[in-house]
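Side-chain atoms are counted along with the backbone in the values below, which use heavy atoms only and exclude waters and symmetry mates.
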Amino acid sequence: MEDGAGRGLGCQKTMDGKASNGNGVGKEIPSCCLKALASSPESEAKCHSTVVSGWFSASQTHSGKSRKVQYFNNPMWPGEAHSIKVEEILFKEKSEYQEVLSAAYGKVLVLDGIVQLTEKDECAYQEMIAHLPLCSIESPKNVSQFDAMFFVVDPDLPTYTVLVVGGGDGGVLREVSRHSSVEHIDICEIDKMVSRKYFPELAIGFEDPRVHLHVGDAVDFLKRAPEGKYDAIIVDSSDPVGPAQELVEKPFFDTIAKALRPGGVLCNMAESMWLHTHLIQDMISICQETFKGSVHYAWASVPTYPSGVIGFLLCSTKGPPVDFVKPINPIEKIKGADKHGRELRFYNSQMHSAAFALPTFLKREVSLLRDKLDQ
C-alpha cells in the first residue's frame with residue numbers, strides 16, 4: 001500500500017479504543033489498527049477499510065518507490081501474491097526442481113518457484129492427506145507391541161499396502177507410518193533430491209523399514225503396478241500445470257482405480273475451493289465416472305497455500321462400502337499412533353468429519369457436490 005493510502009478512511013468495524021485525530025477530538029481506533037499497533041513499532045498503522053497494512057503489498061525498489069509488479073501472473077491464482085519474509089537462503093544451488101529457504105514460517109521448501117510447505121503449517125496438509133483415507137478403511141489388526149520407533153505386529157494378520165505419489169519431503173510417509181496395519185509403503189517420486197538435511201521432522205518418514213522408494217514417473221509406475229495391489233493410494237502432487245497436468249486427467253485416474261483393490265481408497269490433492277471450482281468440478285466428474293464406490297471432497301486450512309485452504313478428493317473403488325465422513329479406524333484408537341515419529345498437531349477424528357462440511361458457495365458453484373455428493 002502506498003504512503004498515504006487509507007488516510008481519512010474509517011474501518012467498518014471498530015472497538016472502544018480512542019485516538020486523537022489531530023483536532024483534539026477523540027475518534028475510535030479501528031480494530032484492525034489496534035491489532036497492528038499492538039505488534040508493530042510503527043507510529044501509525046495505515047489501513048484501508050478493514051485491511052491492515054501489510055496484507056496487500058506492492059513490489060518496491062530500494063528507494064521505496066513503486067515499480068511494475070511482476071509476480072501476479074501465476075496461472076493457478078492470477079492476480080494474487082502471498083509474501084513471506086525470507087531470512088536466509090539455506091540451499092542456493094538447486095536440484096532440477098527444488099530449493100530451500102529460511103523464512104518467517106521456519107524452513108520453506110520451494111518447487112519451481114512455488115511454496116510447497118513450511119515447517120509451521122506442513123502438519124495440516126501432511127496429516128489430513130494421509131489420515132482422511134487411512135482412517136476411513138477398517139484396520140484389520142491391532143498393534144501387539146509398540147517399541148520406540150516402529151510397530152511390531154502379528155505376521156499372521158492381514159495387512160495393508162499403500163502407495164504415495166509425490167511426497168518426496170517424507171511428510172506423508174511420516175503420517176502413513178503411524179498406521180500399524182500398513183505393512184508395505186511404496187513411494188514414487190520424480191525428484192532424486194530429498195531434503196533430509198533441512199527437514200528432519202519430515203524426512204523421518206523414510207527411516208521406516210516398510211518404505212520402498214521408487215524414483216521416476218508416477219504415471220509409468222502405476223501402469224506397471226499389478227491390478228488390485230494397493231489398499232490406498234495418496235497423490236501428493238504439485239499444481240496441475242505443465243507436466244503435472246496429466247495427474248488430474250482421466251487416464252491417470254483409470255490407472256489408479258486399476259491398481260486399487262475392491263473397496264480401496266484414493267486421496268488426491270484437489271486445489272482450493274476459493275480459486276479452482278472449475279477444476280474441482282472436472283476432477284469430481286472424472287472420478288465419479290472412474291470410481292464406482294464413493295466420491296467426496298474435503299478441505300483443510302493451510303495458511304501458506306494460496307487462499308489459505310487446500311482440498312482433497314476422496315474416492316473408493318467398487319467393493320466394501322467406504323464412509324469417508326465418519327472415520328471407522330479412529331487415529332485415537334491406534335496404539336501409539338498419536339506420538340509415532342512425533343505428536344499429531346492438526347488431525348483428529350473431529351477434524352476428520354468437519355473436513356467434509358462444505359460452504360454453500362462451493363455446493364452452488366460445483367453442481368456435482370450439490371446434486372450427488374450430499375445424497
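- Among all heavy-atom pairs drawn from Ser180 and Ile334, the shortest one is OG-CG2, 4.2 Å.
- A salt bridge between Glu201 and Arg342 is present, with a side-chain N of the basic residue lying under 4.0 Å from a carboxylate O of the acidic one.
- Tested against Cys287 for a side-chain contact (heavy atoms from CB on, under 4.5 Å), the candidates Asn268, Leu314, Val295, Ile256 yield a single pass: Val295.
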(request) Any chance you could lay out the side chain to side chain contact (heavy atoms under 4.5 Å, CB included) test for Leu117 and Asp169, step after step, and finish with the verdict? (result) CA-CA 9 Å; Leu117 63 87; Asp169 52 76; 3.4 Å; yes
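- At a threshold of 4.5 Å between non-hydrogen side-chain atoms, the residues Leu163 and Phe221 count as touching.
- A donor and an acceptor atom, one from each side chain of Glu183 and Thr161, are nowhere located under 3.5 Å apart.
- When hydrophobic clusters are built by joining Ile, Leu, Val, Met, Phe, Trp and Tyr residues whose side-chain heavy atoms come closer than 4.5 Å, directly or via intermediates, Leu266 is not grouped with Ile328.
- Counting only heavy atoms from C-beta outward, the side chains of Val366 and Tyr297 never approach each other to under 4.5 Å.
- Looking only at side-chain heavy atoms (C-beta outward), Phe312 and His296 stay at 4.5 Å or farther from each other.
- Residue Ile234 comes nearest to Ala130 through the heavy atom pair CD1-CA, 3.9 Å, listed as atom of the first residue, atom of the second, then distance.
- Remark: Lys120 qualifies as a cation-pi partner of Tyr105 under the 6.0 Å distance and 45° angle criteria applied to the six-membered ring.
- Considering only heavy atoms from C-beta on, Leu213 comes within 4.5 Å of Val215 through its side chain.
- The backbone N or O of Phe324 lies less than 3.5 Å from a partner atom in the side chain of His352, making a donor-acceptor pair.
- No salt bridge links Arg178 with Asp338; every basic N to acidic carboxylate O contact stays at or beyond 4.0 Å.
- A heavy-atom distance below 4.5 Å is found between the side chains of Leu173 and Ile185.
- Listed by chain and number, the residues in a side-chain contact (heavy atoms from CB on, under 4.5 Å) with Ala225 are Tyr230, Ala259 (sequence neighbours excluded).
- Checked by atom type and distance alone, the side chain of Arg174 never pairs as donor or acceptor with a backbone atom of Gly205 at under 3.5 Å.
- Ring centroid separation for the pair His184 and His212 comes in under the 6.0 Å cut-off.
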(request) Carefully, step by step, assess Asp282 and Ser285 under the rule side chain to side chain donor-acceptor pair (under 3.5 Å). (result) CA-CA 5 Å; Asp282 290 344; Ser285 177; over 6 Å; no
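- Residue Val265 comes nearest to Ser316 through the heavy atom pair CG1-CB, 4.1 Å, listed as atom of the first residue, atom of the second, then distance.
- Partner of Ser349 under the side chain to side chain donor-acceptor pair (under 3.5 Å) criterion, chosen from His131, Lys326, Glu332: Glu332.
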(request) Would you sort out whether Leu313 and Met269 count as a side chain to side chain contact (heavy atoms under 4.5 Å, CB included), showing the intermediate values? (result) CA-CA 6 Å; Leu313 198 57; Met269 189 276 287; over 6 Å; no
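- Salt-bridge formation is not detected for the pair Lys258/Asp254: no Lys NZ or Arg NE/NH1/NH2 atom is positioned less than 4.0 Å from an Asp or Glu carboxylate oxygen.
- Nearest approach of Lys292 to Gln288, heavy atoms of both residues: NZ-O, 4.5 Å.
- With Thr317 contributing its side chain and Phe291 its backbone, the two residues share no donor-acceptor pair below 3.5 Å.
- Side chains of Ile137 and Asn329 form no contact here, defined as non-hydrogen atoms less than 4.5 Å apart.
- Counting heavy atoms from C-beta on, the side chains of Ser177 and Val182 never come closer than 4.5 Å.
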(message) Run His179 and Tyr160 through side chain to side chain donor-acceptor pair (under 3.5 Å) and show every step you take.
(response) CA-CA 9 Å; His179 293 260; Tyr160 284 155; over 6 Å; no
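- Considering only heavy atoms from C-beta on, Val164 stays 4.5 Å or farther from Val211 through its side chain.
- Of the candidates Leu134, Leu344, Ile129, Leu344 is the only one forming a side-chain contact (heavy atoms from CB on, under 4.5 Å) with Glu175.
- Closest of all the heavy-atom pairs between Trp299 and Pro359 is NE1-CD, 4.4 Å.
- Looking at Gln281, its side chain does come within 3.5 Å of a backbone N or O of Ser367 through a donor-acceptor pair.
- When the side-chain contact (heavy atoms from CB on, under 4.5 Å) test is applied to Tyr305, the partners found at least two apart in sequence or on another chain are Tyr125, Val302, Ile310.
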